[in-house]
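Just so we're clear, the structure is a prediction, and the values are computed from it rather than from any experiment.
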Amino acid sequence: MLVACILISSGVLVLHDRDLPEHQLGRIRRGFPLSHKLELSVVDQSPVRTGESAGQALRDTIALAVAVEKLGYQRYWLAEHHSLPNFAGTSPEILIGQVAAHTNKIRVGSGGVMLSHYSALKVAENFRMLGALYPGRIDLGVGRAPGSDQITAAALSFPGQPREIRHFPRQVVDLIGFLNNNLEDTHFFSGITAGPGEPEVPDVWLLGSRYESANMAAQLGLPFAYAHFFGINVEEGPAIVANYKQNFQPSERFPEAKVNVGVHVVCAESEEEALRLSASRNLSRLFNITGRANGIPSPEDAAKYIYRADEAAFVKQYQDVCVDGNPQQVKEGLEEISEMYQTPDLSVVTITHGLSERIRSYELLGEACGIPPLE
């Protein structure tokens with residue numbers, strides 16, 4: 001398996017390859033029970049098909065959530081992206097309310113809210129509101145990345161200044177304090193009570209792909225969701241997660257470390273069909289990082305695209321961090337990742353051009369992994 005470190009300069013992709021050690025790939029199976037059943041959830045980025053509206057992508061998100069709840073998936077998390085034509089999910093807190101309203105039992109949350117753009121108090125009140133409406137079902141995943149480019153980040157803060165990332169730890173602590181209405185007495189805003197009323201407080205997760213977020217989650221006694229699907233320096237992923245577990249400080253709500261890993265998956269009846277469908281995702285990823293994003297192309301259009309040598313190398317390396325194939329291949333691939341990170345808790349990100357193919361992918365995966373459908 002190869003992983004790419006990507007630098008973009010003057011539109012040229014520069015790729016640096018590194019072979020992953022066999023023990024990191026989980027091919028030497030040790031320390032994590034082979035019989036441990038996978039626990040599967042969903043992360044949805046609300047992909048927009050080329051030529052179709054963002055509104056349709058958001059309606060697809062709700063339809064997919066209804067489908068995967070029936071299939072027995074545990075959580076449904078909504079992503080936050082800005083100024084990206086490929087994705088319609090700009091406001092996860094709004095989508096969470098819609099998804100929760102159309103489902104009954106599945107936990108619904110953010111994957112995640114990009115806290116650096118916002119007031120900790122406002123985010124706390126949004127999620128206390130959701131907790132009041134849907135008690136016991138809401139998760140609050142928080143990320144430190146901008147979810148956009150720097151100009152868009154500036155627009156999100158205007159006419160104020162973008163918050164420097166050094167303030168992020170303070171924001172997280174304040175967010176937890178506002179959620180629980182227990183800010184320290186010496187805090188500037190200790191007299192403020194976040195509404196509404198006394199709803200059940202959502203579970204707070206820290207999301208990330210680097211040591212900084214993992215270390216913060218460990219220090220605060222919070223669950224950590226590692227974004228393997230980002231494809232950024234994933235050779236360090238197992239070490240980042242292991243470091244989180246080793247340094248975890250138990251909290252009242254979470255006495256033990258809790259890890260989720262997000263993975264790109266396309267599952268189809270055959271490997272050939274899975275690779276045909278995943279070509280849409282791969283090309284949209286290439287267009288996204290090179291400033292040419294224009295929605296998720298059809299498999300037919302993706303098959304017609306003529307790749308330059310460096311583009312083809314990038315796509316090959318990107319595919320290596322994804323798990324695509326027939327049900328047995330995908331099941332085995334996810335088991336390897338589960339062993340690599342020493343957690344059964346995985347979130348599946350599936351992007352195909354058609355909604356029916358996305359639903360079918362989750363259906364086949366659920367059957368292969370023995371997830372009991374909702375009764």
Side-chain angles (χ1 to χ4, degrees), residues 40-81 84-92 94-106 108-111 229 262-285 287-288 293-303 322-327 330 346-369 371 373-374:
L40 299 182
S41 299
V42 176
V43 171
D44 185 9
Q45 298 174 308
S46 301
V48 181
R49 288 187 287 272
T50 299
E52 293 199 6
S53 69
Q56 185 58 57
L58 298 175
R59 289 187 285 274
D60 285 353
T61 280
I62 295 170
L64 181 61
V66 171
V68 298
E69 178 180 52
K70 293 177 182 177
L71 294 174
Y73 285 79
Q74 294 190 357
R75 307 184 202 96
Y76 198 93
W77 284 2
L78 290 310
E80 177 180 338
H81 296 282
L84 288 177
N86 286 356
F87 303 124
T90 56
S91 301
I94 293 178
L95 269 180
I96 289 168
Q98 288 294 308
V99 168
H102 285 82
T103 53
N104 298 295
K105 294 183 178 181
I106 193 169
V108 189
S110 55
F229 68 96
V263 188
H264 266 305
V265 171
V266 173
C267 186
E269 278 82 358
S270 68
E271 179 182 13
E272 181 182 14
E273 177 64 4
L275 295 179
R276 186 184 77 87
L277 295 174
S278 66
S280 298
R281 177 204 63 207
N282 299 341
L283 184 58
S284 70
R285 171 75 168 183
F287 283 176
N288 188 44
N294 188 32
I296 311 301
S298 68
E300 292 74 24
D301 287 342
C322 303
V323 181
D324 305 321
N326 64 43
V330 171
L346 305 180
S347 285
V348 176
V349 186
T350 295
I351 295 177
T352 62
H353 182 259
L355 174 61
S356 60
E357 288 82 7
R358 290 176 78 198
I359 293 174
R360 183 57 175 159
S361 179
Y362 283 109
E363 182 180 14
L364 291 170
L365 176 58
E367 291 173 354
C369 294
I371 300 176
L374 189 66

*Report yes if some heavy atom in the side chain of Cys267 is under 4.5 Å from a heavy atom in the side chain of Glu367; otherwise report no.*
no

*Hey, what do you get for NZ (Lys70) to CD1 (Ile359), rounding to the nearest 0.5 Å?*
9.5 Å

*Rounded to the nearest 0.5 Å, what separation is found between the CG atom of Leu374 and the OH atom of Tyr73?*
13.5 Å

*First locate atom OG of Ser46, then atom CD1 of Ile351, and finally report the distance between them rounded to the nearest 0.5 Å.*
10.0 Å

*Looking at CD1 of Ile106 and OG of Ser41, how far apart are the two atoms once the value is rounded to the nearest 0.5 Å?*
7.0 Å

_Applying side-chain hydrogen bond (donor to acceptor under 3.5 Å, both in side chains), can you list everything that pairs with Thr50, at least two apart in sequence or on another chain?_
none

_Asn288 side chain near Leu84 side chain, heavy-atom distance below 4.5 Å_ = yes

*asked:* Could you work out, with salt bridge (Lys or Arg N to Asp or Glu O under 4.0 Å) as the rule, every residue matching Glu269, not counting sequence neighbours?
replied: Arg360

*Specify the closest pair of heavy atoms between His81 and Phe87, including all atoms of both residues, with the distance to one decimal.*
CD2-CD1, 3.8 Å

*Grab the two heavy atoms, one from Val99 and one from Ala65, that are nearest each other, plus how far apart they are.*
CG1-CB, 3.5 Å

*Nearest 0.5 Å please: distance from the CG atom of Leu95 over to the OG atom of Ser110.*
11.5 Å

*Check Ile371 against Gly72 and note the closest heavy-atom contact, atom names and distance.*
CG2-O, 3.4 Å

*Side chains of Tyr362 and Val348 in contact at under 4.5 Å (non-hydrogen atoms)*: yes

_Nearest non-hydrogen partners of Pro299 and Ser280, listed with the distance_ = N-OG, 3.2 Å

*Can you name the closest pair of heavy atoms from Gly295 and Asn86 and give their distance?*
N-OD1, 2.8 Å

*Is there a side-chain contact between Leu78 and Val108 (heavy atoms, below 4.5 Å)?*
yes

*Nearest heavy-atom neighbours spanning Ser278 and Val266*: CB-CG2, 4.0 Å

*Nearest-0.5 Å distance, CG of residue Leu64 to OG1 of residue Thr350*: 8.0 Å

*Of all residues at least two apart in sequence or in a different chain, which pass the side chain to side chain contact (heavy atoms under 4.5 Å, CB included) check with Asn104?*
Glu69

*Student check: side-chain heavy atoms of Tyr76 and Thr61 closer than 4.5 Å*: yes

_Filter on salt bridge (Lys or Arg N to Asp or Glu O under 4.0 Å), then keep only pairs touching residues 272-282, sequence neighbours left out; what's left?_
Glu273-Arg276, Arg276-Glu300, Arg281-Asp324

*salt bridge (Lys or Arg N to Asp or Glu O under 4.0 Å) contacts touching residues 42-55 (sequence neighbours left out)*: Asp44-Arg358, Arg49-Glu52, Arg49-Asp60

*Glu357: what forms a side-chain hydrogen bond (donor to acceptor under 3.5 Å, both in side chains) with it, not counting sequence neighbours?*
none

